[in-house]
Amino acid sequence: MRIATWNINGAKARLDGALTWLKETNPDVACFQEIKSSNEAFPAAFFEELGYHVAVHGQKGFNGVAVLSKRRFDEVVVRGLPGDDGDAHARYIEVVVPNGSGIVRIGNLYLPNGNPIGTDRFAYKLAWMRRFEARVRELLDLEEAFLLMGDYNVIPESADAKHPDAWREDALFQPETRAAYRALINLGLTDAVRACQPEAGVFTFWDYQAGAWQKDHGIRIDHILLSPQAADRLLGAGIDKFTRGWEKPSDHVPVWVELQDG
DNA sequence: ATGGTTGGTAGCCAA
């Protein structure tokens, strides 16, 4: 089964592009981030027409995540990242979908950007990452196949940026940010794209500004992390770079994995 | 060093 993630940067602005991409690549599951839409305003009916079941954790104007699945799923495990009842940002939704005779759990995340550094926004990013690690530890105890995918807003290594020095003062490339991400990997998760495309210069984001796309000034910040049981089933991973060249593109491109059916 | 662009929403914020 193909499972994909895409920061679409606005469900309304990207509706045509998202539908075109779904028809062209036909993922079994698609996770969207930055839908910038309430649950009510999310255009679920258009996706349902393509055969998807839809679960949304929306927020008007900012943030917001959604999961589309061709296989019917009953279980939305959580809406909103656990661990802080005072956090109103819609940045996490977790579902369980069928995979053959088994199941696969999918956490769809939109990790805080955290800029500028030295502000409460950066502190919020790091606190969010600590809460996320706590959730990952709970999931690992279940010893099941799960994927944690989305816009991590983390550049893991220098090889994940065309010009790493341009990001030295950025929240996405701070030592604390990278250490918090590394801590997740060190729990035993597999970075699917790293495993399948270990070369430098594989990017998922190009800024709208300053001709970043034309100059290939990209970064890799959208990731799919696999539990050991999911990694056992990994057949391939890739990036749909072609969408960045479309009319009215998102500044992010989709990332996907192919998993063996269970 | 600055400004460059896009999206959502209503005179700016977030990225």
Side-chain angles (χ1 to χ4, degrees), chain A residues 5-21 31-44 46-47 56-66 80-81 87-92 108-129 132 149-156 160-174 176-178 180-181 203-223 240-255:
Chain A
T5 174
W6 193 10
N7 179 325
I8 58 174
N9 190 18
K12 198 186 297 178
R14 215 66 58 218
L15 181 57
D16 286 347
L19 293 171
T20 300
W21 170 74
C31 294
F32 291 152
Q33 304 87 39
E34 268 205 285
I35 62 173
K36 297 184 174 180
S37 159
S38 65
N39 291 350
E40 297 72 28
F42 186 74
F46 289 89
F47 302 118
V56 187
H57 182 45
Q59 182 175 352
K60 186 178 179 179
F62 304 100
N63 308 321
V65 287
L81 184 67
D87 181 5
H89 288 206
R91 297 180 174 275
Y92 187 73
N108 175 15
L109 63 134
Y110 175 45
L111 205 147
N113 175 295
N115 278 305
I117 59 173
T119 67
D120 57 351
R121 300 165 63 89
F122 187 60
Y124 172 64
K125 177 181 193 142
L126 294 180
W128 202 98
M129 294 184 84
F132 185 61
M149 55 204 300
D151 178 359
Y152 278 75
N153 269 314
V154 176
I155 304 168
D160 299 310
K162 182 67 171 283
H163 296 304
D165 285 341
W167 299 91
R168 293 286 171 204
E169 303 304 314
D170 196 284
L172 280 58
F173 198 49
Q174 286 308 293
E176 302 97 311
T177 304
R178 296 169 60 195
Y181 178 83
F203 305 134
T204 66
F205 170 93
W206 295 260
D207 202 287
Y208 289 124
Q209 304 183 71
W213 167 245
Q214 288 76 12
K215 294 186 269 191
D216 195 30
H217 289 180
I219 51 177
R220 191 173 74 98
I221 56 174
D222 300 271
H223 308 298
D240 291 336
K241 187 175 178 178
F242 59 88
T243 64
R244 189 61 178 81
W246 284 354
E247 292 281 311
K248 299 273 292 175
S250 171
D251 40 5
H252 297 251
V253 298
V255 180

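Each chain gets a letter, A, B and so on, in the order the sequences are listed, and its residues count up from 1.
- Of the C1' atoms belonging to B/dG8 and B/dT2, the separation is 26 Å, rounded to the nearest Å.
- Atom OH in A/Tyr152 sits 14.0 Å away from atom CG in A/Asn7 (nearest 0.5 Å).
- B/dT6 and B/dA10 have their P atoms separated by 22 Å, given to the nearest Å.
- Heavy-atom distances to DNA chain B give each of A/Gly10 and A/Asn153 a nearest nucleotide, and the one nearer the 5′ end belongs to A/Gly10.
- Note on ring orientation: taking the six-membered ring where Trp is involved, the planes of A/Phe32 and A/Trp6 are perpendicular (angle over 60°, cut-offs 30° and 60°).
- Comparing A/Ala13 and A/Tyr208 along DNA chain B, the residue whose closest nucleotide (by nearest heavy atom) sits nearer the 5' end is A/Tyr208.
- Atom name P, nucleotides B/dT9 and B/dA14: the rounded distance is 14 Å, in whole Å.
- A/Arg244 comes within 4.0 angstrom of nothing in the nucleic acid, heavy atoms only.
- Reading DNA chain B from its 5' end, the first and the last nucleotide to sit under 4.0 Å from a heavy atom of chain A are B/dG4 to B/dA15.
- Residues passing the side-chain contact (heavy atoms from CB on, under 4.5 Å) test with A/Pro164 are A/Ser158, A/Ala161, A/Arg168, A/Phe173, sequence neighbours excluded.
- The aromatic rings of A/Tyr181 and A/His223 lie tilted to each other, with the angle between the two planes from 30° to 60°.
- Comparing the same atom, C1', in B/dG4 and in B/dA15 gives a spacing of 13 Å after rounding to whole Å.
- Across A/Pro112 and A/Arg91, no two heavy atoms sit closer than the pair CA-NH1, 3.4 Å.
- For A/Lys60, the NZ atom counts as loosely surrounded, since its 6.0 Å shell holds 12 or fewer non-hydrogen atoms of other residues, nucleotides or ligands.
- Nucleotides B/dG7 and B/dG3 have their P atoms positioned 22 Å apart, rounded to a whole Å.
- Using a 4.0 Å heavy-atom cutoff across all strands shown, A/Phe205 reaches no nucleic acid atom at all.
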